[in-house]
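For the numbers below, each heavy atom of this structure counts, side chains included, while hydrogens, waters and symmetry mates do not.
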Amino acid sequence: MVLDKVKSNRNQRLQEIILGTVAAAGILAVAVVAPNVVGAMAQAGILPHPRQKEIINNARTRLVRRGLLILMAGRVYLTEKGEKALRSWRLKEYKIPRPKRWDKKWRVLIFDIPERRRALRARLRQTLVSVGFVRLQDSVWLYPYECEEFMTLLKAEFKIGKDLLYLTVEGLEYDFPWKRLFEVR
């Protein structure tokens, strides 16, 4: 079970690397993709394998089957669906810059997403957790550092501009546990 999860994460990371490589270079010849992907895999800590070229080709084939890439005349193109998947993966891995000193202000995120869009709400919560936000209540989330750029990305990616409210709060009652959790003073 644990091995399957590790393998799944590795496969997703490999697919993300391939999509990112194609996105960065625009249109690439299939033969050119492999060396770039191999270099990115080394940087990502995915260990080299004797059948590395086969593994990359299989991952590329899966991406084509899923409609994230198009393969035409020996060239690989990133589809609109592929761009969206890449943005989503990158958003989950987004790192909010952490200043040297805390400005003693809390960032509070409040959202009101209707029940009919519950899958979107779940994806939003998952993204917030992966970035480091802490849930105060069901749709109220807390973070200690400036993250307005991240909020803009969230609103654009999830198309929830009016459903998401971003507040900068100077005081928060009973904030000691949150200060300890975020290691701020």
Any donor and acceptor pair, going by atom type alone, linking the side chain of [X] with main-chain N or O of [Y] inside 3.5 Å?
| X | Y | value |
| --- | --- | --- |
| E173 | D175 | no |
| T79 | L68 | yes |
| W106 | G171 | no |

Is there a side-chain contact between [X] and [Y] (heavy atoms, below 4.5 Å)?
| X | Y | value |
| --- | --- | --- |
| D163 | R117 | yes |
| S139 | R125 | yes |
| W178 | L172 | yes |
| I160 | L120 | yes |
| F150 | L128 | yes |
| V108 | I110 | yes |
| L69 | L78 | yes |
| L124 | I113 | yes |

Within a 6.0 Å radius of atom [atom1] on [X], are there more than 12 heavy atoms belonging to other residues, nucleotides or ligands?
| X | atom1 | answer |
| --- | --- | --- |
| E183 | CD | no |
| D103 | CG | yes |
| E83 | CD | yes |

Exercise. Side-chain heavy atoms under 4.5 angstrom apart, residues restricted to Ile, Leu, Val, Met, Phe, Trp, Tyr: same cluster for L86 and L91?
Worked result: no
[X] side, atom [atom1]; [Y] side, atom [atom2] - distance, nearest 0.5 Å:
| X | Y | atom1 | atom2 | value |
| --- | --- | --- | --- | --- |
| R118 | R123 | CZ | CZ | 15.0 Å |
| L63 | L71 | CG | CG | 11.5 Å |
| L153 | M151 | CG | CE | 9.0 Å |
| E146 | E148 | CD | CD | 5.5 Å |
| Y145 | R101 | OH | CZ | 11.5 Å |

For this session: Return the set of residues passing side-chain contact (heavy atoms from CB on, under 4.5 Å) with T168 (not counting sequence neighbours), or none when no residue passes.
Result: K105, R107, Y166
Exercise. Closest heavy-atom contact between Q137 and R135?
Worked result: O-CG, 2.8 Å
Seminar exercise, completed: For F182 and L142 the tightest heavy-atom approach is CZ-O, 3.6 Å
For this session: State which residue, out of F111, Y94, Y143, fulfils the ring-ring contact (aromatic ring centres under 6.0 Å, His included) condition with F133.
Result: Y143
Problem set entry | Pairs where residues 151-160 contributes a residue and the test salt bridge (Lys or Arg N to Asp or Glu O under 4.0 Å) is met, not counting sequence neighbours | R87-E157
